[in-house]
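Both backbone and side-chain heavy atoms feed into the values below; hydrogens, waters and symmetry mates do not. Letters A, B, ... are given to chains in the order of the sequence lines, protein chains preceding strands, and every chain is numbered from 1.
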Number of protein chains: 2
Amino acid sequence: MTDPALAFEAHDHRTCAGDVLTRAEAISGARLTPVRRRTLEILLESHRAMGAYEVLEKLADAGFGNQPPVAYRALDYLVDQGLAHRIRRLNAFAACMHPGEAHSPAFLICKSCAAVAEAPAAAIHAALGKAAADIGFTVERANVEALGLCPTCAETES
Amino acid sequence: MTDPALAFEAHDHRTCAGDVLTRAEAISGARLTPVRRRTLEILLESHRAMGAYEVLEKLADAGFGNQPPVAYRALDYLVDQGLAHRIRRLNAFAACMHPGEAHSPAFLICKSCAAVAEAPAAAIHAALGKAAADIGFTVERANVEALGLCPTCAETES
DNA sequence: ACTTGACATGTTATGCTATAACATACGATA
DNA sequence: TATCGTATGTTATAGCATAACATGTCAAGT
Ligand SMILES: [Zn+2]
Ligand SMILES: [Zn+2]
Ligand SMILES: [Zn+2]
Ligand SMILES: [Zn+2]
């Protein structure tokens with residue numbers, strides 16, 4: 001399990017990204033085709049979330065199609081497989097930093113440096129499930145996205 | 001305080017909506033201008049969330065401008081004042097059902113009837129704040145949106 | 001070998017969501 | 001009455017997402 005805080009710290013991102021990619025290959029196998037793999041690599045270039053059109057541009061640079069469906073299909077696939085997450089607040093996508101582990105994380109988005117981390121959300125989902133159950137509502141999927149300041153930027157800004 | 005579950009039940013919605021509108025007027029005072037007031041009324045017509053363009057259409061019907069900024073400005077104002085909420089998952093807006101009370105609710109969205117309820121989220125935010133603090137992250141604003149089945153629809157579907 | 005069907009990719013075209021920038025009006029204040 | 005802040009209207013454009021159709025590939029079934 002990768003340390004969630006890593007997203008906000010200086011670290012050996014080559015290893016970090018390579019590691020995730022290796023796990024992704026193990027999960028998705030042959031169906032991680034060239035476009036999809038490249039898309040994941042693009043997301044893995046940083047700990048930021050990236051818009052579909054930004055991804056598309058980089059895909060085109062790599063010789064793939066340059067029409068929106070190319071990017072959206074690859075991104076949708078990655079999201080379906082749990083290899084990427086969609087950040088609705090940003091209309092953007094981020095690579096999942098611990099694929100394979102069942103999780104529906106809470107996203108922590110730094111408003112200053114735009115980095116996105118996945119915080120463990122078991123307790124949050126428990127609280128949400130309980131609040132919903134009190135009303136008779138059954139939760140199927142939930143997204144939790146928080147905007148704020150990461151530790152690194154909090155130091156800098158003070 | 002209005003019962004959150006009301007959104008999913010048959011109820012006297014005229015009273016329900018009128019009540020909210022009265023409270024909204026008390027909060028916003030003179031600045032709740034005709035367009036803004038009408039916008040809130042439109043949102044209050046149901047417990048669903050409504051897209052900006054759907055609102056715009058109804059505003060135009062009521063004799064207001066029919067260009068997007070008219071709707072977006074009114075909606076943004078209502079959101080700023082805590083009289084409406086933005087549901088990012090739906091790219092839509094819903095009237096706040098208990099304005100004035102400080103809250104950042106969790107939204108429960110029924111995937112069957114599209115009704116939206118605001119569940120009390122104090123415990124959820126506490127859990128989120130704690131998960132974030134563990135990483136050194138300071139939460140400023142958060143949105144929690146759950147998709148699932150409301151009690152009424154759960155009965156029907158079974 | 002031939003056919004079929006599932007899947008992946010590419011392309012065209014369009015629809016939906018949101019905002020920038022400029023123009024006009026009006027009441028409050030000095 | 002000059003000025004400022006606020007509200008509304010309008011034009012134009014930017015940004016996000018998908019429908020629908022065409023093509024290519026591979027593996028299963030005959
Ligand atoms: Zn993840
Ligand atoms: Zn930061
Ligand atoms: Zn009601
Ligand atoms: Zn329902």
Side-chain angles (χ1 to χ4, degrees), chain A residues 24-25 27-43 48-81 83-94 109 114 116 143 145 147, chain B residues 24-25 27-43 48-81 83-94 109 114 143 145:
Chain A
E25 260 164 349
I27 290 166
S28 227
R31 300 188 56 209
L32 193 63
T33 58
V35 213
R36 291 167 175 173
R37 192 198 146 97
R38 183 80 195 100
T39 302
L40 183 53
E41 285 174 4
I42 288 167
L43 291 182
R48 287 187 310 111
M50 212 174 274
Y53 279 71
E54 193 181 346
V55 170
L56 177 57
E57 209 174 309
K58 292 179 190 252
L59 283 174
D61 289 349
F64 297 100
N66 66 343
Q67 298 304 315
V70 172
Y72 278 102
R73 281 197 287 236
L75 289 166
D76 287 348
Y77 172 83
L78 295 176
V79 170
D80 279 354
Q81 299 295 308
L83 301 177
H85 296 293
R86 187 169 198 153
I87 315 289
R88 306 204 98 104
R89 190 160 189 125
L90 304 176
N91 292 324
F93 300 82
I109 307 161
V116 176
N143 59 302
E145 299 170 3
L147 201 67
Chain B
E25 260 164 348
I27 289 165
S28 228
R31 299 189 57 208
L32 192 63
T33 59
V35 215
R36 291 168 175 172
R37 192 198 147 99
R38 184 79 195 101
T39 302
L40 183 54
E41 284 174 4
I42 289 168
L43 291 182
R48 287 188 311 110
M50 210 172 275
Y53 280 71
E54 192 181 347
V55 170
L56 178 58
E57 209 174 310
K58 293 179 188 252
L59 283 174
D61 290 348
F64 298 101
N66 66 342
Q67 298 306 314
V70 172
Y72 279 101
R73 283 198 286 238
L75 288 166
D76 287 348
Y77 172 84
L78 294 176
V79 170
D80 278 354
Q81 299 295 306
L83 300 176
H85 296 292
R86 187 170 199 152
I87 317 287
R88 305 208 101 101
R89 199 168 180 117
L90 305 176
N91 290 324
F93 301 82
I109 307 162
N143 59 301
E145 299 170 4

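In terms of the salt bridge (Lys or Arg N to Asp or Glu O under 4.0 Å) criterion, residue partners of Glu41(B) (sequence neighbours excluded) are, by chain and number, Arg37(B), Arg38(B). With sequence neighbours excluded, no residue satisfies side chain to side chain donor-acceptor pair (under 3.5 Å) with Arg86(A). Shown here are the side chain to side chain donor-acceptor pair (under 3.5 Å) partners of Arg36(B), two or more places apart in sequence or in another chain: there are none.
Straight-line distance from the CG atom of Leu56(B) to the P atom of dG9(D): 11 Å, rounded to whole Å. As a whole-Å value, the separation of Leu75(B) CG from dT19(C) P is 11 Å. Atom C1' of nucleotide dC16(D) and atom CZ of Arg89(B) are separated by 17 Å, given to the nearest angstrom. Nucleotide dT6(D) holds its C1' atom 14 Å from the CG atom of Asp80(B), rounded to whole Å. Between the C1' atom of dA7(D) and the CG atom of Leu32(B) lies a distance of 13 Å, rounded to the nearest Å.
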- Note on the structure: Each nucleotide of nucleotides 4-17 of chain C classed B (base within 4.0 Å of a protein heavy atom), S (only sugar-phosphate) or -, in 5' to 3' order, makes ----SBBBB----B

In a table with atom names and distances, give each donor-acceptor pair under 3.5 Å that connects a side chain of residues 68-77 of chain B to protein atoms at least two apart or in another chain.
residue, atom, partner, partner atom, Å
Tyr77(B), OH, Ser28(B), OG, 2.4

Under 3.5 Å, side-chain donor or acceptor atoms of residues 48-63 of chain B against the rest of the protein: list the pairs with distances, not counting sequence neighbours.
residue, atom, partner, partner atom, Å
Arg48(B), NH2, Glu54(B), OE2, 3.3
Lys58(B), NZ, Glu45(B), OE1, 3.4

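Formation of a donor-acceptor pair under 3.5 Å by the Glu145(B) side chain with backbone atoms of Ile109(B) is not found in this model.
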